[in-house]
There are 2 protein chains.
Amino acid sequence: MPLSEHTESVQDYLKTIFDIQRERGRVATTVLAERLGNSPASVTGMIKKLAALNLVEYEPYQGVVLTPAGEKIALEVIRHHRLIERYLAEALGVPWDQVHAEAEKWEHVLSEDLEDRIDAVLGYPTTDPHGAPIPKRDGTLPPPHTTRLSDLQSGQSATIAEVSDHDPAMLRYFAELGLRPGVDVTVVAVAPFGGPLTVRLDDVEHAVGREVAGYVSVCDVTSASGE
Amino acid sequence: MPLSEHTESVQDYLKTIFDIQRERGRVATTVLAERLGNSPASVTGMIKKLAALNLVEYEPYQGVVLTPAGEKIALEVIRHHRLIERYLAEALGVPWDQVHAEAEKWEHVLSEDLEDRIDAVLGYPTTDPHGAPIPKRDGTLPPPHTTRLSDLQSGQSATIAEVSDHDPAMLRYFAELGLRPGVDVTVVAVAPFGGPLTVRLDDVEHAVGREVAGYVSVCDVTSASGE
DNA sequence: GGTATTATTTAGGCATTCCTAAAAGCAGTC
DNA sequence: GACTGCTTTTAGGAATGCCTAAATAATACC
Ligand SMILES: [Mn+2]
Ligand SMILES: [Mn+2]
Ligand SMILES: [Mn+2]
Ligand SMILES: [Mn+2]
């Protein structure tokens, strides 16, 4: 049953449920409503429809969890989205703060054939321009990164793994700093009382707010004295 | 007022009205319904909506004609469609019998920014893979070709200008014959009583039905003995 | 010119997806 | 264990875009 069996709305709901589920387990109506920009009442209605289609398990007042069928579709939509983001950035030079909006629309009308062609032209990439992993055709997706830049202690180094693509302005800020996936970062200082981190990127130091640093995931963390 | 101010349905109606208008002037409800695959009753309803939006002039029982505003939008949609077809064929190797279906969906979600990028990557092409002209950004579009392959007499030569993209099977047939825009063709014989034409393409002769030849437009017609 | 045929519109509905306002459930507090 | 505040659902409705069946207008024919 291909993606196109489901409406754009259904696809976006499933994709969003998948994202929230990764972060916080069971998905509450209000959280989903907030993320989608719809009213909670509308979300309740759609949730019932998804449950009737066996795409989510719904427990009234207790939120939803994706069924295997629902997860499969969610992963297909996410694959489309991230492949498209990558393609737009790489093949057409679209700035990384704009690829998300474009992909949000295109993801719903991409054929499987074109998906394969794009995948091949890009050389079967594994991440999107923000560092988020692209699900494989079979629906495989590596677990999310657990360490954030804001979790690092003074003196620790790491590699940027992923940045949040939820806010274009923040992406432009990251680009300015040279903060992008694959780049090495060192935490020079951490101010107390939730204050800013001083980080070194490309031998340049920057002060970044604690909250913003929470939108950056890192991997390969090492402490000052070697390991 | 950008394209996205109008629904996908409105965009497809305007595009289709434009096409029919080029062929036959005023656009009758039934013809439009037939082309869109909707019932005449549905088309009447939408026509009223388009008239209320000042996109068409509607005379009950007499069909519609695009207003300048409607024509502008139609040309934008057609520009999207043909640019996308060209891009899919050239950059992603999509076979020319499949580009239409893909473009039919993508045309509605293409941003102006991405349109410009695609245009630039392709080197500002003037025709789609089927030879149809791509409207310029300002809405300019050359007049349609008037001569069809089926209009040629025995002994006449011409250059293929455009082939109809309405039927994927026919496009595959054309591809097999080597019949594509830019290729020279010579009519070797014309069978009587509406019979087939014998045409030479790349020094190979083929018999093609009169009806099929009506779906091919030509230009630069010359008769056997020079001009 | 009247009748048959065809084209078009009107009437009434349905599916989808969203909304606001109001009711009801849930959970923590005292 | 009742109250309170927040979450969630229910009720009722709107917009869009499609449908079938029935009525009506236009046209073509004799
Ligand atoms: Mn989307
Ligand atoms: Mn992304
Ligand atoms: Mn379309
Ligand atoms: Mn075409």
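Labels below follow one simple rule: chain letters A, B, ... track the order of the sequence lines, proteins then strands, and each chain is numbered from 1.
Straight-line distance from the CD1 atom of B:Ile47 to the C1' atom of C:dA7: 12 Å, rounded to whole Å. With rounding to whole Å, A:Gln62 atom CD is found 7 Å from C:dC26 atom P.
Of the residues in residues 48-61 of chain A, A:Lys49, A:Tyr61 come within less than 4.0 Å of DNA chain C through at least one heavy atom, sorted by number. Near-neighbour residues of DNA chain D inside residues 31-44 of chain B, defined by a heavy atom below 4.0 Å, number-ordered: B:Gly37, B:Asn38, B:Ser39, B:Ala41, B:Ser42. Non-hydrogen atoms lying under 4.0 Å from DNA chain D are contributed by B:Thr7, B:Ser9, B:Tyr13, all within residues 7-26 of chain B.
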Chi angles and distances behind the salt bridge (Lys or Arg N to Asp or Glu O under 4.0 Å) call for A:Lys15, A:Glu107: CA-CA 11 Å; A:Lys15 187 180 66 164; A:Glu107 64 189 359; 2.9 Å; yes

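In terms of the side chain to side chain contact (heavy atoms under 4.5 Å, CB included) criterion, residue partners of A:Tyr124 (sequence neighbours excluded) are, by chain and number, A:Asp119, A:Ala120. Every residue meeting the side chain to side chain contact (heavy atoms under 4.5 Å, CB included) condition with A:Gln98, not counting sequence neighbours, appears here in chain and number order: A:Val94, A:Pro95, B:Asp113. With sequence neighbours left out, B:Val109 forms a side chain to side chain contact (heavy atoms under 4.5 Å, CB included) with A:Lys105, A:Val109, B:Trp106.
A side-chain contact (heavy atoms from CB on, under 4.5 Å) with A:Val218 is found for one member of A:Leu152, A:Val187, A:Thr146, A:Asp151 and no other, namely A:Leu152.
A salt bridge is absent between A:Glu76 and A:Arg137; no separation between the charged side-chain nitrogens and carboxylate oxygens falls under 4.0 Å.
Shortest non-hydrogen contact noted between B:Cys219 and B:His145 is CB-ND1, 4.4 Å.
Here the side chains of A:Phe18 and A:Ile78 are in contact, with some heavy-atom distance below 4.5 Å. Within the 4.5 Å cutoff, no side-chain heavy atoms of B:Lys136 are placed close to those of B:Leu75. Considering only heavy atoms from C-beta on, B:Val56 stays 4.5 Å or farther from B:Val65 through its side chain.
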